[in-house]
Amino acid sequence: MSHYEHQIIEKKWQDIWAKGVFRTEDPNQTDKPKYYVLDMFPYPSGAGLHVGHPLGYIASDIVARYKRLRGFNVLHPMGYDAFGLPAEQYAIQTGQHPAVTTEENIKRYREQLDRIGFSFDWSREVKTCDPAYYKWTQWIFIQLFNSWYNPVSNKAESIDSLIQIFEASGCNNDIHPFSPEEWKSMDEKMQSSVLLNYRLAFLSEAMVNWCPALGTVLANDEVKDGVSERGGHPVERKLMTQWSLRISAYAERLLQGLDKIEWSDSLKESQRNWIGKSTGCSLHFNLENPVGDVSSLEVFTTRPDTVFGVSFLAIAPEHELIDNLCTGIYRQAALDYTEKAKNRSERERQSEVKNITGAFTGSYVIHPFTGKKVQIWVADYVLGGYGTGAVMGVPAHDSRDYSFAKFFNLDITEVVKGGDISIESYDAKEGILINSDFLNGLEVKDAIKKAISEIEQRGLGKGKTNYRLRDAVFGRQRYWGEPIPVYYQNDIPKVLPIDQLPLRLPEIDKYLPTETGEPPLARANNWNYNGYPLETTTMPGWAGSSWYFIRYMDPQNDQSFASKAALDYWKDIDLYIGGSEHATGHLLYFRFWTKFLYDLGYIPVDEPAKKLVNQGMIQGTSCLIYRVNNTNKYVSFGLKDKYETTAIHIDVNIVEQGNTVQLDKLKLWRPSEFEHAEYELENGKLICGNEVGKMSKRWHNVVNPDDVCNDYGADTLRLYEMFLGPLQDAKPWSTQGIEGVLRFLRKFWRLYHSGTNESFFLSDEEPSKAELKILHKTIKKATDDIDNFSFNTSVSAFMVCVNELQDLKCNKRAILEPLSIILSPYAPHITEEIWEMCGHTTSVSKAQWPAFNPEFLIENEFNYPVSFNGKVRFNLNFALDKDLKEMESEILNNEQTLKYLEGKPVKKVIIVKGKIVNVVA
RNA sequence: GCCCGGGUGGUGGAAUCGGUAGACACGCAGGACUUAAAAUCCUGUGGUAGCAAUACUGUGCGGGUUCAAGUCCCGCCCCGGGUACCA
């Protein structure tokens, strides 16, 4: 074979690899260090993979192959996040079992992945919908149910330890304190409901995001801008009894843990914002007229220093005392307002943020320090679900309070110097306190401390930390998810015994809720345990993905979720690659479950992934053609402004060079529309417009990697996706430039084919200094670039290397064999073929990464750019160890120097060794 | 609004520590080989002026630090992503 024929080579090696070349080594049989590189596993959708999906997989595969060459035992698995809404929606429409369609999709994904030449260890594949897998997801749920978060030891512990505390010393929290005797006298149901307030998996009545169109509840991260993330359906708030996970118990540790992991700053920042820690204090304002036994309103503030600037109190429309506080002539108007505010949907409230609304309740509180009467208002900018649902209004130093006070003409008292409160509020946390009695003259930071200590001393409140992070709703009114292993004995929720797992998903006739509105599982026959009804909601999509990285370590184990030996060897993920869209969902839940399992001693690490890299999205480039309105005529891009036109998306696969529509293919694509249409061309061509956006069927801009593999080969696809730009950046897909990569591989191939009739030939001659320099320069660059995830520049380094070796007509084995090893992580098929032609009988993936020898790069001279006042004028060659004084005099005596000095005296000569010379005149 | 990125040729991008801006690739122009095409190879390619050597100019805008700034500092403009009445 003298030509590079990618179809033949790639098929050949993929078949050989499928025999288990990339099987992970058993930790007991090897002393190699471990390296765990993981991709976020895909949801197998019916649409298959597009060219954007493999981007991260290619990067991780390069790292995996590189680490193997460096002598690591690499765990590089792949699997499927296989439970989820789309399969179920499809089942509802077609009646096909989601397990069947999911399995078909997985098969197609696998074929597509195999064509790209990934080195996954498929013997470790996991599927979250497999009962052998979800048995352990259910097992973890049971552990969560059987645990509570002990604030003293600051970790999760068995619920039994809490029961012991209750039996020995009762409970003295503010909400429902009880004595040991009272605890013992409670019946089972009462005890169970008390314990539910502590269990990490718990049943509670809570405000949830209810999506009527999907017929299910959604977690906070599954709702974007008031609509569901999947499908874009409206979401409303609804009070429901739901299974939830107490992630809020881990808020502080999830925050602290970020400091010790190597994740991108933007991603850590998203998680910090989502956790939303704020420190401040609670503060009680006594009511002028107490309501029953409630004598005060509690607010939470991060700015207790501004307490002397309070000119009103504002409470949320959901506040529990609202009915009691609305009094006198203001009562009706205030209640009307409350009712209206409560009925507005989340979406409306969000879209009308700028509108200032509120109503005076007619009630007052007494300012704890000044003794003055302060009005209580109800306002929808105060949220019922955060803090205490009540805030102190300090218009001078909070922009929302400021707009509110301006709108309703309330007092604005400046208490921190630094701004101009006649124009806007001064929110900054710096300045000197004024008009504030005992705080006067203090800096804000000190004033906050002083105010809190004063508040605590007078018994008005306490220093306090609040988190925005809410507990995660865990039940879904859906079929296609893990059944929750819970049954109800006399209405008391109990978890199934471990030996009853997995609790298999039952067969049902239809995948819809029952006529009475119960979840689909209620349709199942005999859905009970020993006659007691089983839970009918299922787990959310993120349950299985919260721990899958552990299962890959020991995927077939049926005694435990992974053996201790496997866990101790593999520990955590060294490199995790995936999209940033999971920042506040999956990546938070998976850290939470890891910390939980760590607390119970099941795993040896409390952070799942040491390093995380977000690959950017590959966007689609849509192609648009322009139809003249009310006609059947289409005009080329440059002519569209002459008419009133409508842009129409057409299939990108019938467009050449990014903008030339192939008319014959267009007519075949949609004959009814285009076969008999009229076309106005430019230079004989129909030119289309372009638009960059998400790659999706809807815009006809999906490019299938299979097509690219057919036309150019998997090695070209791999190199090209890496060459496009930095891994982390978003970039639109375009095949402009892919030819260059194919050309590079052909050149590379030709280096090894310098024999007669371009047959394979390598010379065993000693390589020259120049050849060794090129090779070692490239080894160094390739090594450094993989460590820095700078794959685009290493591809260009390979191109430079091949160009230079070609110029030298290099055909030396001592150069070209190591070159094929360092290229092999990027272009595994062509390098396997060449490695075999070189006479090796084992895979190039079993070779050793060539050692970099810096001696070959040592230069003894350097061609210095000589600049005058910073402008480079000419170059001079000097030995690198030359005496600087001598250099200086030689430069100054150079005839060109005289020319550029233009007679001016030399002030200074700066010589930076091996870099530059600058003459200052 | 706030937080995080980013702004460099016709295009994707490079410049990792403040030291020759534009590597590598695409595209384009010209040429070689060929009956022709494909493939391959060679030359040129930031802008302006010039036959050329060369000169001036040039990394979003305005200022600053420095012998030297795409890179550092100050002020602004624009683009992308995240997030929000979170007190």
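FYI, side chains are in, hydrogens and waters are out, and symmetry mates aren't considered; it's all heavy atoms of this structure. Here is how names work: the chains are called A, B, and so on, in the same order as the sequence lines, proteins then strands, and each is numbered from 1.
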Closest to the side chain of A:Tyr900, out of B:A25, B:A55, B:C26, is B:A55

Report yes if at least one side-chain N or O of A:Asn466 is closer than 4.0 Å to OP1 or OP2 of B:C86; otherwise report no.
no

Less than 6.0 angstrom separating the ring centers of A:Phe404 and A:Tyr381, yes or no?
yes

In whole angstrom, give me the gap between the P atoms of B:G47 and B:A23.
13 Å

Separation between the C1' atoms of B:U20 and B:C28, rounded to whole Å:
27 Å

Any side-chain donor paired with an acceptor under 3.5 Å for A:Asn918 and A:Ser867?
yes

Specify whether A:His753 and A:Trp749 have parallel, tilted or perpendicular ring planes, treating 30° as the upper limit for parallel and 60° as the lower limit for perpendicular.
parallel

Atom C1', compared across B:G75 and B:U65: separation rounded to whole Å:
15 Å

When you compare the protein's N or O atoms with those of nucleotides 3-12 of chain B, which come within less than 3.5 Å of each other, and at what distance?
| residue | atom | partner | partner atom | Å |
| --- | --- | --- | --- | --- |
| B:G12 | O2' | A:Leu724 | O | 2.7 |

Between B:A55, B:A25, B:C26, which nucleotide gets closest to the side-chain atoms of A:Lys747?
B:A25

What is the separation between atom CG on A:Asp380 and atom P on B:C85, rounded to the nearest whole Å?
11 Å

Comparing A:Asp398 and A:Lys871 on RNA chain B - which has the more 5′ nearest nucleotide
A:Lys871

Measuring only the C1' atom in each nucleotide, how far is B:C41 from B:C33? A whole number of Å is fine.
9 Å

With C1' as the reference atom in both, quote the distance from B:C86 to B:C79 in angstrom, rounded to an integer.
29 Å

Atom NZ of A:Lys464 and atom C1' of B:C86 are separated, to the nearest Å, by 13 Å

I'd like a list of close polar pairs between nucleotides 15-20 of chain B and the protein, N/O only, cut-off under 3.5 Å.
| residue | atom | partner | partner atom | Å |
| --- | --- | --- | --- | --- |
| B:U16 | O4 | A:Lys781 | NZ | 2.4 |
| B:U16 | O4 | A:Asp785 | OD1 | 3.3 |

Which nucleotide in B:U83, B:A87, B:C24 has an atom nearest any side-chain atom of A:Leu383:
B:A87

Pair A:Ser278-A:Tyr386, side-chain donor/acceptor within less than 3.5 Å
yes

Picking from B:A55, B:A23, B:C86, which would you name as closest to the side chain of A:Ser796?
B:A23

Please work out whether B:G9 sits syn or anti, treating a glycosidic angle within 90° of 0 as syn.
syn

Take atom C1' in B:G6 and the same atom in B:G44, then report the distance between them in whole Å.
33 Å

What's the closest nucleotide to the side chain of A:Thr301 if the choices are B:C67, B:A87, B:U40?
B:A87

I want to verify the glycosidic state of B:C78; is it syn or anti under the 90° rule?
anti

Pair A:Glu861-A:Asn877, side-chain hydrogen bond (donor to acceptor under 3.5 Å, both in side chains): steps then yes or no:
CA-CA 7 Å; A:Glu861 37 173 60; A:Asn877 222 353; 3.2 Å; yes

Can you give the dot-bracket line for RNA chain B, where a pair is Watson-Crick or G-U wobble with both atom distances under 3.5 Å, crossing pairs use [ ], and | marks a partner on another strand?
(((((((..(((......[....)))((((((.......))))))((((....))))..(((((..]....))))))))))))....

Check whether the side chains of A:Thr357 and A:Asp380 place a donor and an acceptor atom closer than 3.5 Å, and report yes or no.
yes

Centroid separation under 6.0 Å, is that true for the rings of A:Tyr720 and A:Trp733?
yes

Candidate pair A:Asp427 and A:Tyr402, rule side-chain hydrogen bond (donor to acceptor under 3.5 Å, both in side chains), full reasoning:
CA-CA 10 Å; A:Asp427 296 16; A:Tyr402 187 86; over 6 Å; no

Please state the C1' separation for the pair B:A21 and B:U59 - nearest whole angstrom.
7 Å

Between A:Gly870 and A:Arg468, which has a closest nucleotide on RNA chain B that is more 5'?
A:Gly870

Between B:G19 and B:G13, how many Å separate the two P atoms, rounded to a whole number?
23 Å

Establish, with yes or no, whether the OP1 or OP2 oxygen of B:A39 is under 4.0 angstrom from a side-chain nitrogen or oxygen of A:Arg743.
no

Within-4.5 Å side-chain heavy-atom neighbours: A:Arg743 and A:Glu739:
yes

Do you see a donor-acceptor pair shorter than 3.5 Å between the side chains of A:Thr793 and A:Ser796?
no

Separation of A:His319 NE2 from A:Thr338 OG1 (nearest 0.5 Å)
11.5 Å

